[in-house]
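Just below is one structure, and these are the notes that go with it.
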Amino acid sequence: MISSVDALRTPDGLEDWMEKLIYALWRDDGRPRDAFNAALLGEVADAIAPHVRALRINVRDDRLPQGSNPVFVVTEPQMEAAVQLWVDTAYPPARAPIEAVLATVASRIEGWLVAESTPLPNRLHPPGQPTEGFSQVVFIEKPDALDHETWRRNWQDGHTEVAIVTQSNFEYVQNLVVRPVTDPAGPYAAIVEECFPIAAITDKQLYYDAAGDPAKLAANEAAMLESCARFIGARGCDCIPMRQYEIKTFG
């Protein structure tokens with residue numbers, strides 16, 4: 001059974017329950033990316049912050065170098081940003097002011113309630129504005145040929161270790177989609193965020209944690225592709241390099 005509830009353990013030892021939402025945002029073609037990002041990370045983030053426990057925003061950034069890291073496009077046009085937020089409840093009246101603010105900057109908004117798991121917490125680089133390196137945000141659909149539990153096991157139970165040991169990621173967050181909260185919303189079963197050193201975007205050996213070792217590169221890349229094939233279908237996935245901005249943290 002999928003649970004949408006995450007627990008935060010407070011200093012007094014009590015558990016404080018909350019829910020996590022992720023929104024994908026698109027920008028109007030006539031609005032430059034820099035202006036869109038500035039508005040989203042500025043006045044929009046400021047307006048949302050009072051309504052949430054924590055807030056993280058991932059944006060596409062033209063200043064990121066073009067490299068050899070995986071970039072896949074299924075959704076066209078592709079999303080420009082991902083807004084991740086933790087709230088007391090995903091009850092529609094509680095979401096309404098958040099979605100109204102997002103609508104002031106985005107030409108299209110799609111959102112999902114998710115259950116978060118963090119197999120690899122970021123203990124290497126302090127979350128920042130932006131966080132060191134780049135974040136790889138991936139939107140994954142479940143292949144029709146797999147039932148949901150088989151698909152989930154192939155991903156979370158089977159793939160997790162492969163994703164960590166074959167790559168140079170320093171953060172790996174899995175978001176299992178519970179249900180959409182907007183209409184329309186893409187039919188994604190999972191949304192993943194991985195953070196990598198900035199140099200990994202142009203250095204394939206570094207990306208696959210195989211610096212200076214072509215044989216290890218080949219082995220790690222093959223292991224990743226084989227594992228991904230078990231839960232990503234022939235349609236593929238949206239895999240987007242972004243920058244991570246930690247706007248509001250639990251306090």
Side-chain angles (χ1 to χ4, degrees), residues 1-8 17-25 48 52-60 70 72 74-75 78-90 95 98-99 102 109-122 127 131 134-143 146 148-149 151-164 167 169-182 184-196 227-228 230-233 236-250:
M1 180 178 181
I2 299 174
S3 170
S4 65
V5 181
D6 294 307
L8 169 68
W17 298 94
M18 69 193 73
E19 295 185 297
K20 182 179 181 183
L21 297 165
I22 298 181
Y23 291 94
L25 274 57
I48 291 174
V52 304
R53 300 285 196 90
L55 174 61
R56 172 181 290 183
I57 299 178
N58 304 80
V59 296
R60 300 178 71 166
F72 305 125
V74 172
T75 305
Q78 204 168 43
M79 48 288 283
E80 284 284 328
V83 177
Q84 306 183 57
L85 45 91
W86 291 258
V87 293
D88 290 323
T89 176
R95 298 193 327 261
I98 296 169
E99 293 172 0
L102 293 176
I109 301 168
E110 298 183 5
W112 304 267
L113 178 68
V114 302
E116 179 191 75
S117 174
T118 307
L120 180 62
N122 175 10
T131 301
F134 73 97
S135 66
Q136 182 171 277
V137 181
V138 188
F139 294 80
I140 302 170
E141 297 180 26
K142 181 187 74 64
L146 297 177
H148 191 275
E149 180 56 19
W151 168 83
R152 189 206 62 77
R153 286 199 307 267
N154 289 354
W155 170 44
Q156 290 191 309
D157 299 351
H159 176 72
T160 298
E161 183 177 2
V162 176
I164 293 171
Q167 301 181 113
N169 46 10
F170 58 84
E171 183 174 28
Y172 180 36
V173 181
Q174 300 173 331
N175 297 285
L176 184 64
V177 171
V178 178
R179 60 178 173 85
V181 295
T182 60
Y188 306 114
I191 302 168
V192 169
E193 181 183 13
E194 295 179 278
C195 290
F196 292 83
S227 183
C228 286
R230 297 191 182 102
F231 66 95
I232 298 175
C237 61
D238 286 287
C239 182
I240 313 166
M242 296 186 175
R243 298 302 302 269
Q244 179 194 97
Y245 287 79
E246 201 79 4
I247 305 297
K248 182 178 181 179
T249 58
F250 295 113

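Remember, it's a predicted structure, so these values are computed and weren't measured experimentally.
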Just verifying a value: how many Å separate [X] [atom1] and [Y] [atom2], rounded to the nearest 0.5 Å?
X: L21; Y: L55; atom1: CG; atom2: CG; value: 11.5 Å
X: Q174; Y: I191; atom1: CD; atom2: CD1; value: 12.5 Å
X: S227; Y: E161; atom1: OG; atom2: CD; value: 10.0 Å
X: R53; Y: L85; atom1: CZ; atom2: CG; value: 12.5 Å
X: Y172; Y: N122; atom1: OH; atom2: CG; value: 15.5 Å

Taking [X] for the side chain and [Y] for the main chain, is one N or O donor matched with an acceptor at less than 3.5 Å?
X: Q156; Y: R152; answer: no
X: N154; Y: R230; answer: yes
X: D238; Y: F139; answer: no
X: R95; Y: V181; answer: yes
X: K142; Y: W151; answer: no
X: W112; Y: G186; answer: yes
X: Q78; Y: F72; answer: yes

Please give me the minimum heavy-atom distance between [X] and [Y], naming the atom from each residue.
X: E171; Y: Q244; value: OE1-NE2, 3.1 Å
X: N58; Y: S135; value: ND2-OG, 3.1 Å
X: V74; Y: G236; value: CG2-C, 3.7 Å
X: T160; Y: P119; value: CG2-CB, 3.5 Å
X: E110; Y: P184; value: CG-O, 3.6 Å
X: I232; Y: P143; value: C-CG, 4.0 Å

- Message: What verdict does the side-chain contact (heavy atoms from CB on, under 4.5 Å) test give for E99 and I109, after you've listed the backbone C-alpha separation in whole Å, the side-chain angles of each residue and the deciding distance to 0.1 Å?
- Response: CA-CA 8 Å; E99 293 172 0; I109 301 168; 5.5 Å; no
- Task: Could you go through the side-chain contact (heavy atoms from CB on, under 4.5 Å) check for I48 and I247 one step at a time?
- Result: CA-CA 10 Å; I48 291 174; I247 305 297; over 6 Å; no
- Message: Parallel, tilted or perpendicular, judged at 30° and 60°: which one describes the rings of H159 and F231?
- Response: tilted
- Task: Walk me through it: do E116 and N175 pass the test side-chain contact (heavy atoms from CB on, under 4.5 Å)?
- Result: CA-CA 5 Å; E116 179 191 75; N175 297 285; 3.7 Å; yes
- Item | Lys/Arg-Asp/Glu bridge criterion (N-O < 4.0 Å) met for E193, K20 | no
- Test side-chain contact (heavy atoms from CB on, under 4.5 Å) on R56 and T131 and set out the steps. CA-CA 10 Å; R56 172 181 290 183; T131 301; over 6 Å; no
